[in-house]
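The structure that follows is given in the form of C-alpha cells.
Read the numbers this way: they start at 1 and go in the same order the structure lists the ligands and their atoms.
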Amino acid sequence: MSGSSKSSSNYAYSAATALAQSLGRIDQQTQAVVPPIHVATTYLRGADNSYPTGRVYSRADNPTYEPVEALICELEQGHQALLFGSGMAAATAVFQGLRPGDHVLAPKVMYWALRNWLLTFASDWGLDIEFVDMTQLHKVQQHLRQGQTKLVWLETPGNPLWCISDIAAICQLAHQAGAQVAVDSTCATPLLTQPIKLGADIVMHSATKYLNGHSDVIAGALIAARDDAYWQRIRQVRAQAGAVASPHDAAQLLRGMRTMHLRVRESCHNAQFIAEQLEQHSDVLEVLYPGLQSFAGHDVAKRQMVGGFGGMLSVRLKAGETAAIGVAARTKLWKRATSLGGVESLIEHRASIEGPATPCPNDLLRLSVGIEDKQELLDDFLQALQA
Ligand SMILES: *Cc1c(COP(=O)(O)O)cnc(C)c1O
C-alpha cells in the first residue's frame, strides 16, 4: 500500500501551525508528540494469510513516511504526497512513468543533474525531450504538440539563473494540448508558491534542501493534484523499483520541517537584503534574484510567489571567471560547497560543477543564503570581493 497518506484537507490552521505541530498528530499507542521511527522491513501475515494492516515489505512503503507525506501534502494542497530516497529519485520517477515516444518539454535552465539524466538515460529509453525557454509563453506554445506532448516539466525559480516561469499560464497551454505539468518547486518551497493551486498536476521537491534545511538528509517528494493512471504508474516506480528513503531520514526530515517557515522567512529576508546591496557594487555585473525590480521575471514572480522571493541568488562579476573563483576562495562565512536550502550559507562557482553544456555564465557565483546575520554575510562577501 504505497503512499497511504491523503491530504488532510480538513486541517483548519495555517502553514506555520501545520509545520510547528506536524499537523497536531499524536502517536495513538503512546501519546508521544513526536511519531516513532519504524525500522521493520517486514510485516506479519494473519492466520488467514492476509496482511491485516495492508503492509507487506518496506521497499514499497514505511509507516514513518506517513506524517511527513501528510504534512507535505497539506502544504501543497494536493491529493497525495510520496516521499522518495532523493530529489532525483522523485524527479526521475515522473519521467519513468511515461512511455517510449512520449514528447516532453523541459526548461533550458534547470537543475543540471536532471538535465544530464534527461539527455542521457531518458533519451536512450525513448523519451522525445525538447528544451524550451519557459520564460517565453509563445515558445512553449510553439513546441507543444497536440495529443503527443505528455508532460511539461517546469522549474521555477530555475537553477542557477532563477528564471521565473508563469505556472498558471503554462498549465493552461499544456492542458489545452493534452499534456500534464510537473513543477520542480524546490527553490520556491511549499511556502512561497503552491503550484497545484495554479493548475499544476504534479509538484516535486528535493527535500534535501529547504524542507529539511540542515544539510543532513537526502530525500525527495512528489505531490499529485489527483489520482489518475499517470500517478498510479509513478507510484509503482517508487514501490517496485524501491526509490525509498530510510525511515531514520524520514524522521529527521520531519524534525527539520517543523521550523521550515522560520528558516525560509529568514533566508528570503537575508537574500533580498544581500541582492539589493550587491546590485549597487561597482565590481558586480549583474545580480540575478527574482526579488529585484531589475530582474526579468520580477513581475511574474510578484504574482506567483507569496511572502518572499526565495533564498537563492546569483552574482555575476565584471572581472570574469578567475575573479569569481577567487571570491569564493576568500569568503570565510560563506562555505564553498554545492547544494542549497540549509541554515548555513553556501557559495559556489556554478559553471565548474555543471560542465561544458551549462547555460550558466562562467563569471557567476551561486549563493544559497542561510539564516546567519545578514550584515555579517554581506561584509564577508564584500571583503572577499575587495581583496
Ligand atoms: C538538489 C535539487 C534536486 C535534486 O535533489 P537531490 O535531493 O539532491 O537528489 C532537484 N532539483 C533542484 C532544484 C535541486 O536543487
- Can you figure out which of Met88, Lys209, Glu155, Met312 has its heavy atom closest to atom 14 (C) of ligand 1?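 That would be Lys209.
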
- Considering the heavy atoms of Gly87, write down every atom of ligand 1 situated less than 4.0 Å from one of them.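 Taking each heavy atom of Gly87 in turn, ligand 1 has 5 (O), 6 (P), 7 (O), 9 (O) under 4.0 Å.
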
- Message: Checking a contact table here: which protein heavy atom is nearest atom 10 (C) of ligand 1, and how many Å away?
- Response: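 The closest one turns out to be Tyr111 CD2, 3.4 Å.
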
- Message: Is Ala89 close enough to touch ligand 1? Criterion: a residue heavy atom under 4.0 Å from a ligand atom.
- Response: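 No.
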
- Task: Could you name the option among Thr92, Thr208, Leu340, Val217 that has the heavy atom nearest to atom 7 (O) of ligand 1?
- Result: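 That would be Thr208.
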
- Residue Ser86 vicinity, atoms of ligand 1 by number, heavy atom under 4.0 Å: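 Atoms satisfying the 4.0 Å criterion: 7 (O), 9 (O).
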
- Side-chain donor or acceptor of Glu76 paired with backbone N/O of Ile196 under 3.5 Å: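 No.
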
- ILVMFWY network linking Tyr210 to Leu71, side-chain heavy atoms under 4.5 angstrom: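 Linked, Tyr210 and Leu71 end up in one cluster.
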
- Message: With nothing but distance in play, are any N or O atoms of Cys187 less than 3.5 Å from an N or O of ligand 1?
- Response: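 Between Cys187 and ligand 1 (N or O atoms, distance only) the closest approach is not under 3.5 Å.
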
- Query: In terms of residue, atom name and distance, what is the protein heavy atom nearest to atom 11 (N) of ligand 1?
  - Reply: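 Checked against all protein heavy atoms, atom 11 (N) of ligand 1 sits closest to Asp184 OD2, 2.7 Å.
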
- Ala219 neighbourhood, listing ligand 1 atoms whose heavy-atom distance to it stays under 4.0 Å: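 With Ala219 as reference, the close atoms of ligand 1 come out as 7 (O).
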
- Does the Thr193 side chain pair with the main chain of Pro195, one donor and one acceptor, at a distance under 3.5 Å?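 Checking the backbone N and O of Pro195 against the side chain of Thr193, no donor-acceptor pair under 3.5 Å is found.
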
- What protein heavy atom is closest to atom 5 (O) of ligand 1, reported as residue, atom name and distance in Å?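 Among all protein heavy atoms, the one nearest atom 5 (O) of ligand 1 is Ser206 OG, 3.0 Å.
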
- Item | Within reach of ligand 1, part of Ala91 (heavy-atom separation under 4.0 Å) |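 None of Ala91 does.
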
- Query: Do you know which two heavy atoms are closest between Ala89 and Thr92, and how far apart they sit?
  - Reply: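 Smallest heavy-atom distance, with atoms named: O-OG1, 3.4 Å.
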
- Query: Do you know which two heavy atoms are closest between Asn62 and Arg55, and how far apart they sit?
  - Reply: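 Result for this residue pair: C-NH1, 3.7 Å.
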
- Query: Is a side-chain N or O of Glu348 found less than 3.5 angstrom from the main chain of Arg366, in a donor-acceptor match?
  - Reply: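 Flag not set: sc Glu348 to bb Arg366 has no pair under 3.5 Å.
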
- Task: Tell me, yes or no, whether the heavy-atom count around Arg255 atom CZ, taken from other residues, nucleotides or ligands under 6.0 Å, exceeds 12.
- Result: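 Check fails, neighbour count at 12 or below.
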
- Phe309 vs Tyr289 aromatic rings, parallel, tilted or perpendicular, using cut-offs 30° and 60°?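 Rings of Phe309 and Tyr289: perpendicular, as their planes differ by over 60°.
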
- Query: Would you say Met204 contacts ligand 1, with heavy atoms under 4.0 Å as the rule?
  - Reply: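 Yes, that is the case, since the closest heavy atom of the residue is under 4.0 Å from the ligand.
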
